[in-house]
Visitor: 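Have a look at the structure that comes next, please.
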Amino acid sequence: MLVTSVTGHLMEVEFEDRFRKWHSCDPADLYTAPIRKHVPEDKVDIKRTLEEEARKCHWLVLWLDCDREGENIAFEVMEVCNGVNRNLTIRRARFSALIERDIHEAAQNLIAPNQWFSDAVDARQEIDLRIGASFTRFQTMLLRDRFVIDSAQDDKNLVLSYGPCQFPTLGFVVERYWEIQSHEPEEFWTINCTHRSDEGLASFSWMRGHLFDYTSSVILYEMCVEEPTATVMKVQQQEKLKYPPYPLSTIELEKRASRYFRMSSEQTMKVAEDLYQAGFISYPRTETDSFSSRTDLHTIVQEHQEHPVWGSYAQRLLDPGAGLWRNPGNGGHDDKAHPPIHPTKFSSGESRWSQDHHRLYELVVRHFLACVSQPAVGAETVVEIDIAGERFSASGRVILAKNYLDVYRFESWGDSMIPVYVQGQQLIPTTLTLDSGITRPPPLLSEADLLSCMDKAGIGTDATMHDHIKKLLDRFYVTKDANTRFSPTNLGEALVMGYDDMGYELWKPNLRSLMEYDMKEVSMGNKSKAEVLATCLQQMKACFLDAKRIFFLLFRSDRSNGDDSSALGENVRPCGLCQEANMVLRKNRDGNFMVGCSGYPQCRNAVWLPGPVLEATITNNICNSCTPGPVYLIQFKFRQLEIPPGFNVNYLGCIGGCDETLRQLIEICGTGSRAQARGRPPTTTPSNGPPTTTPRNPQRSNSRQAPCIYCYQTGHASTDCPSRISATRHVQSHGMNQQNGESSIPCSTCGTPCVLRTANTANNRGRKFYSCSSQACNFFVWEDNLNNGSAPRSAPRPNISNSASNPSRTGGRGRGVQNAGRAAGVTFVSATGEPISGRRCFVCGDPSHFANACPSRGS
DNA sequence: GCAAGGTC
């Protein structure tokens, strides 16, 4: 028996020569252009070896990975060998690890090669090539000149590639970025309680989590303050186990190396390949996360007994008396081709290893030792207390046995002690506070997150995922920060938005999933290769032609005059962003107005004007307050039916940031920006410009200046938004910022007249409320509660410690209701501000019960 | 100059 090898695929698919040059044909022709499968130059020697040996042999046994790709490679080898020897008897060996018994069994149970498996791969290769080449050529040639990339690379070499794996991967990054951009912060409230005793401190958290309604939170908080005695309702003690990880697959190795060492997936695979080739670890490209029952795990552990750092742990593992051994868990994945990544040779560190080699080898060994170890054991105590009907809980944990955590230093499980409590015990909280928080957007995707997204959506394989991520970086579609978090560049975001604008989900994982499904059908013999190719390529060609048509409309060619808006008159102001050009008033093709920098596209500073603008004319009047000036005022005419009552059709306004009326109109009616209407971050460029959401990239750089998340304008950070500053001057809670006018209702706290406003928070949008017009006062009340005769309240922001036993802090400070009736610490006034005596439920207004007994509270 | 999948 003679053994030789190939190195992955022996052949490649390629277009015939006359279609190879980019300008040789219309990219649409690539859906039907003839292709050929051939052995590339660097594999010719391997082909020659195969041919030489095949001539002398009678049998050809194919020992390749037992997956679809492996089957396809087997057919490539068969084609070459059959080419020189038609009489070969050909068989396939099925094995998945270099385990002696498996190899013997495979040799004794040879099977026929599986044509369906191979066909599925042929189909994938052809589809990937045709789609990738056609879209890449097209979008590169059309769009390359439209983007200025801040790098040393010659722009002429810039390739804007499209691929069925790289684009969905980019899609994940962009989608998360959009999610962050469109996040609307919302204030919430939570009650926190602590209790200190001789034994220590327990922090109890509110079992409701948090509420977004301030008034409800205050009511519930005050009920707790009024009756602060806590009763211990439940003390639950149980043993908790923290399990070691499953055996190591490629994705897990990449994710963990990224999390623990901030190593890129690309670097991880490079180092893993080195370690594999030097024999220190097993094959690093595997989806399998369970060991075959035939694997000799003990021998692997034995090898590490002498290691200076983890040797003693390995010895404990092998000692039956220690009881540390446990057969590894099964993660449920098996690619039938390779075992999980595990150490194959002992090393206490080689002199030529880099720090990354040391780290990765250590991770593989410790992970393996952890897999065959007992879980960590902890004793957990959960205490639930009740204060005035509200439940709070605290928990403590004592670790009884660290077990695998002794060797797996990358994970931790902390101790947290709380005092001992017994059921029925009563106690007075040490602190009871009403605390506020703000909802935050999710973080940018980390490399580990991105790998998870790809894994979940079936984008790429264990061997290629890191390639797709690297490709996004190489193509300038994304950037990665020091915390391994990814943001799209202007270019990446614009491409995704371009496809999104077309309505095609070419940047979403669905396309790949559908292809995957079809491949599976082919590999099972349910569909033929030809059938899948015909359907898929026909659909993709139609999609390509449509995309081509729309892209030409979106990105019309003449850059100097490519702006789809028309300038209307003179400059409005100097541009504060690039500080080189002027901002000019423009009207877009779709009739919407904006003021954009004349330095576009180098500078993309833009201010979108309210949607209802019918006419806009620059006047000679100059704003007295806005800088950099002069900022010329604009005479607006609004569409009567599109503006709320109280606003004039004719209005002289300033776009410099000082104008409250314009700000309110934008908040209420929105701007003419395209994307805003779809809930995406607003587009700040003219509708035919490169579609980016933000006015970034001034002066050949990729630096960002995102639009303010509150007013959607540029030129200031969200934290400095003038609209927010003026809104918070009037009301405390963000979002309650639409002022309708003054009313005669006196504030029950200070007597100053209240202002009727409309809430704009997610939970209460459109709901009217009164708030005190005094900046020093926090009073507010929902209008509908007033009409129900329910409980308008002064609403100080309590954040008090040690005050639970001093509930008098809410006592009648206000002139309006100083002598109002009080029930359980709650004051009621009527719609006219008159005090009402007697108890009423805050939630539903029913006088027969109080809020803590309201039937609706269960929900 | 293009895809994704093998691999060194």
Side-chain angles (χ1 to χ4, degrees), chain A residues 5-15 19-31 33 35 37 39-40 42-43 45-46 62 64-77 117-118 120-144 153-170 250 269-278 283-287 335 337-338 454 458-472 474-475 506 511-512 515-516 519 536-537 540 544:
Chain A
S5 79
V6 288
T7 56
H9 278 288
L10 182 61
M11 296 177 166
E12 281 178 8
V13 281
E14 198 39 278
F15 292 110
F19 294 93
R20 299 275 290 272
K21 288 277 178 201
W22 278 39
H23 289 90
S24 65
C25 65
D26 183 332
D29 295 342
L30 298 177
Y31 286 90
I35 55 169
K37 199 166 180 180
V39 178
D42 62 338
K43 301 279 173 68
D45 286 346
I46 296 175
L62 300 149
L64 292 137
D65 290 2
C66 276
D67 54 17
R68 289 199 311 236
E69 297 293 336
E71 208 67 20
N72 191 265
I73 297 171
F75 275 77
E76 291 171 0
V77 173
F117 269 38
S118 177
V121 172
D122 281 344
R124 177 198 60 71
Q125 287 178 338
E126 188 172 336
I127 292 169
D128 284 345
L129 176 66
R130 293 187 188 279
I131 297 177
S134 59
F135 274 93
T136 301
R137 289 185 191 183
F138 168 69
Q139 71 181 24
T140 302
M141 292 190 284
L142 179 68
L143 304 176
R144 177 163 53 196
Q153 183 174 346
D154 185 349
D155 287 354
K156 283 182 182 162
N157 292 330
L158 182 69
V159 172
L160 305 186
S161 60
Y162 176 89
C165 286
Q166 53 178 270
F167 249 60
T169 307
L170 171 62
T250 302
M269 291 313 290
K270 206 173 150 200
V271 174
E273 178 70 21
D274 276 355
L275 293 172
Y276 159 65
Q277 299 229 0
Y283 189 74
R285 289 174 282 272
T286 174
E287 288 174 28
D335 62 13
H338 307 285
M454 296 169 76
I459 302 297
T461 67
D462 46 27
T464 61
M465 280 174 167
H466 67 279
D467 278 340
H468 301 312
I469 296 176
K470 182 169 183 290
K471 188 150 277 178
L472 299 188
D474 290 345
R475 298 276 189 238
L506 290 172
L511 176 68
R512 193 69 187 174
M515 277 172 62
E516 245 339 282
M519 296 309 109
C536 183
L537 290 175
M540 283 309 296
F544 173 81

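Remember, predicted model here, so these are calculated numbers, not experimental data. First the proteins, then the strands, lettered A, B, ... as listed; each starts at 1.
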Visitor: Contact class for A:Tyr283 vs. all strands (heavy atom < 4.0 Å): base, sugar-phosphate, or nothing?
Guide: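 The residue A:Tyr283 makes sugar-phosphate contact but no base contact.
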
Visitor: Between B:dG1, B:dG5, B:dA3, which one does the side chain of A:His23 approach most closely?
Guide: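 Nearest to the side-chain atoms of A:His23, counting from C-beta on, is B:dG1.
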
Visitor: Determine: side-chain N/O of A:Gln125 to OP1/OP2 of B:dA3, distance under 4.0 Å, yes or no.
Guide: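 No, because none of the side-chain N or O atoms of A:Gln125 sits under 4.0 Å from OP1 or OP2 of B:dA3.
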
Visitor: What contact category does A:Lys43 fall into here, base, sugar-phosphate, or nothing, at under 4.0 angstrom with non-hydrogen atoms?
Guide: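 Base: the residue A:Lys43, judged by heavy atoms under 4.0 Å, touches a nucleobase.
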
Visitor: Which of the following nucleotides, B:dC8, B:dA4, B:dG5, is nearest to the side chain of A:Asp128?
Guide: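 In terms of side-chain proximity for A:Asp128, the closest of B:dC8, B:dA4, B:dG5 is B:dA4.
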
Visitor: Mind checking if A:Ser134 touches a base, just sugar-phosphate, or nothing, with heavy atoms under 4.0 Å?
Guide: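 Since no nucleic acid heavy atom lies under 4.0 Å of A:Ser134, the category is nothing.
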
Visitor: Given the structure, check if the side chain of A:Gln139 and the base of B:dC2 hold any donor-acceptor pair shorter than 3.5 Å.
Guide: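 There is none.
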
Visitor: Look at the side-chain N and O atoms of A:Thr464 and state whether any lies under 4.0 Å from the OP1 or OP2 oxygen of B:dG5.
Guide: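 Looking at the OP1 and OP2 atoms of B:dG5, one of them is under 4.0 Å from a side-chain N or O of A:Thr464.
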
Visitor: Is there a side-chain polar atom (N or O) of A:Arg475 under 4.0 Å from OP1 or OP2 of B:dA3?
Guide: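 For B:dA3, OP1 or OP2 has a side-chain N or O of A:Arg475 closer than 4.0 Å.
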
Visitor: So A:Asp65, base contact, sugar-phosphate only, or nothing? Heavy-atom distance under 4.0 Å.
Guide: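 Result for A:Asp65 = sugar-phosphate.
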
Visitor: For a 4.5 angstrom cut-off between non-hydrogen side-chain atoms, does A:Lys43 reach A:Thr7?
Guide: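 Heavy-atom side-chain distance check passes, below 4.5 Å.
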
Visitor: Between A:Thr461 and B:dG6, does any side-chain N or O lie under 4.0 Å from OP1 or OP2?
Guide: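 Checking A:Thr461 against B:dG6: at least one side-chain N or O falls below 4.0 Å of OP1 or OP2.
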
Visitor: Mind checking if A:Glu12 touches a base, just sugar-phosphate, or nothing, with heavy atoms under 4.0 Å?
Guide: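 Nothing: the residue A:Glu12, judged by heavy atoms under 4.0 Å, touches no strand.
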
Visitor: Would you indicate which nucleotide in B:dG5, B:dA3, B:dT7 comes nearest to any side-chain atom of A:Arg285?
Guide: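 Among B:dG5, B:dA3, B:dT7, the one nearest the side chain of A:Arg285 is B:dT7.
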
Visitor: Please tell me which of A:Gly460 and A:Lys21 maps to the more 5' nucleotide of DNA chain B, matching each residue to the nucleotide holding its nearest heavy atom.
Guide: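 Its nearest nucleotide lies further toward 5', so the answer is A:Lys21.
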
Visitor: Is it the case that more than 12 heavy atoms not belonging to A:Lys37 sit under 6.0 Å from its NZ atom?
Guide: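 Check passes, neighbour count above 12.
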
Visitor: In whole Å, what is the span from the CD atom of A:Glu76 to the P atom of B:dA4?
Guide: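 Whole-Å distance recorded here is 18 Å.
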
Visitor: If you find the nucleotide of DNA chain B closest to A:Ile73 and the one closest to A:Phe15, which residue's nucleotide is nearer the 5' end?
Guide: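 Residue closer to the 5' terminus by nearest nucleotide: A:Phe15.
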
Visitor: Over 60° means perpendicular and under 30° means parallel, so classify the ring planes of A:Phe544 and A:Phe138, tilted if in between.
Guide: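 The arrangement is perpendicular - the two ring planes meet at more than 60°.
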
Visitor: Expressed in angstrom and rounded to an integer, what is the separation of A:Leu64 atom CG from B:dG6 atom C1'?
Guide: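 Result: 10 Å.
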
Visitor: B:dG6 C1' sits how many Å from A:Glu71 CD, rounded?
Guide: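 The distance from CD of A:Glu71 to C1' of B:dG6 comes to 14 Å, rounded to the nearest Å.
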
Visitor: For A:Glu14, report the nucleic acid contact type (base, sugar-phosphate, nothing); a contact means any heavy atom under 4.0 Å.
Guide: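 Base contact.
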
Visitor: Rounded to the Å, how far apart are A:Phe167 CZ and B:dA4 P?
Guide: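 In whole Å, B:dA4 P and A:Phe167 CZ are 10 Å from each other.
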
Visitor: Can you measure A:Ile459 atom CD1 to B:dG5 atom C1' for me and round it to whole angstrom units?
Guide: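 Interatomic distance, CD1 of A:Ile459 to C1' of B:dG5: 14 Å.
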
Visitor: Run the side-chain contact (heavy atoms from CB on, under 4.5 Å) test against A:Asp65 and tell me which residues pass, sequence neighbours left out.
Guide: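 A:Asp65 satisfies side-chain contact (heavy atoms from CB on, under 4.5 Å) with A:Asp67, A:Ala337, A:His338 once adjacent residues are dropped.
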
Visitor: Could you check which of B:dG1, B:dC2, B:dC8 has an atom nearest any side-chain atom of A:Tyr276?
Guide: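 The closest nucleotide is B:dC8.
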
Visitor: Counting any heavy atom closer than 4.0 Å, what does A:Leu129 reach on the DNA or RNA strands: base, sugar-phosphate only, or nothing?
Guide: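 A:Leu129: base contact, heavy atoms under 4.0 Å.
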
Visitor: Is any side-chain nitrogen or oxygen of A:His9 closer than 4.0 Å to OP1 or OP2 of B:dA4?
Guide: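 So the side-chain polar atoms of A:His9 never come under 4.0 Å of the phosphate oxygens OP1 or OP2 of B:dA4.
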
Visitor: With no hydrogens and no angle check, do the side chains of A:Ser161 and A:Arg475 hold a donor and an acceptor under 3.5 Å apart?
Guide: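 Indeed, the side chains of A:Ser161 and A:Arg475 share at least one donor-acceptor pair under 3.5 Å.
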
Visitor: Would you say a side-chain N or O of A:Arg130 is under 4.0 Å from OP1 or OP2 of B:dA3?
Guide: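 No, no such contact exists.
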
Visitor: At under 4.0 Å, does any side-chain N or O of A:Arg512 touch on OP1 or OP2 of B:dA3?
Guide: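 So the side chain of A:Arg512 is outside the cut-off, no N or O lying under 4.0 Å from OP1 or OP2 of B:dA3.
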
Visitor: Between A:Asn72 (CG) and B:dA3 (C1'), how many Å, whole number?
Guide: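 Between C1' of B:dA3 and CG of A:Asn72: 15 Å.
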
Visitor: Between atom CD of A:Gln166 and atom NZ of A:Lys470, what is the distance when rounded to the nearest 0.5 Å?
Guide: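 The CD atom of A:Gln166 sits 12.5 Å away from the NZ atom of A:Lys470.
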
Visitor: Indicate, with a heavy-atom threshold strictly under 4.0 Å, whether A:Thr7 touches base, sugar-phosphate, or nothing.
Guide: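 Base, at least one base heavy atom under 4.0 Å.
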
Visitor: Would you kindly give the CZ-to-P distance between A:Phe138 and B:dC2, to the nearest whole Å?
Guide: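 Going from CZ in A:Phe138 over to P in B:dC2 covers 18 Å.
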
Visitor: Could you tell me whether A:Arg68 contacts a base, only the sugar-phosphate backbone, or nothing, with contacts defined as non-hydrogen atoms closer than 4.0 Å?
Guide: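 Answer is nothing: A:Arg68 stays at 4.0 Å or more from every strand.
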
Visitor: What integer distance in Å separates A:Met11:CE from B:dG6:C1'?
Guide: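 Spelled out: CE on A:Met11 to C1' on B:dG6 is 14 Å.
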
Visitor: Using a 4.0 Å heavy-atom cut-off across all strands, classify A:Pro164 as base, sugar-phosphate, or nothing.
Guide: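 Sugar-phosphate contact only - A:Pro164 comes under 4.0 Å of backbone atoms but never of a base.
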
Visitor: Under the 5.5 Å and 30° test, is A:Tyr162 stacked on the base of B:dA3?
Guide: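 It does not: the ring fails the test against the base of B:dA3.
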
Visitor: Which residues pass the side chain to side chain donor-acceptor pair (under 3.5 Å) test with A:Arg124, sequence neighbours left out?
Guide: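 So A:Arg124 forms a side chain to side chain donor-acceptor pair (under 3.5 Å) with A:Glu69, A:Asp128.
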
Visitor: Using a heavy-atom cut-off of under 4.0 Å over every strand shown, decide if A:Val13 touches base, sugar-phosphate, or nothing.
Guide: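 Base: the residue A:Val13, judged by heavy atoms under 4.0 Å, touches a nucleobase.
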
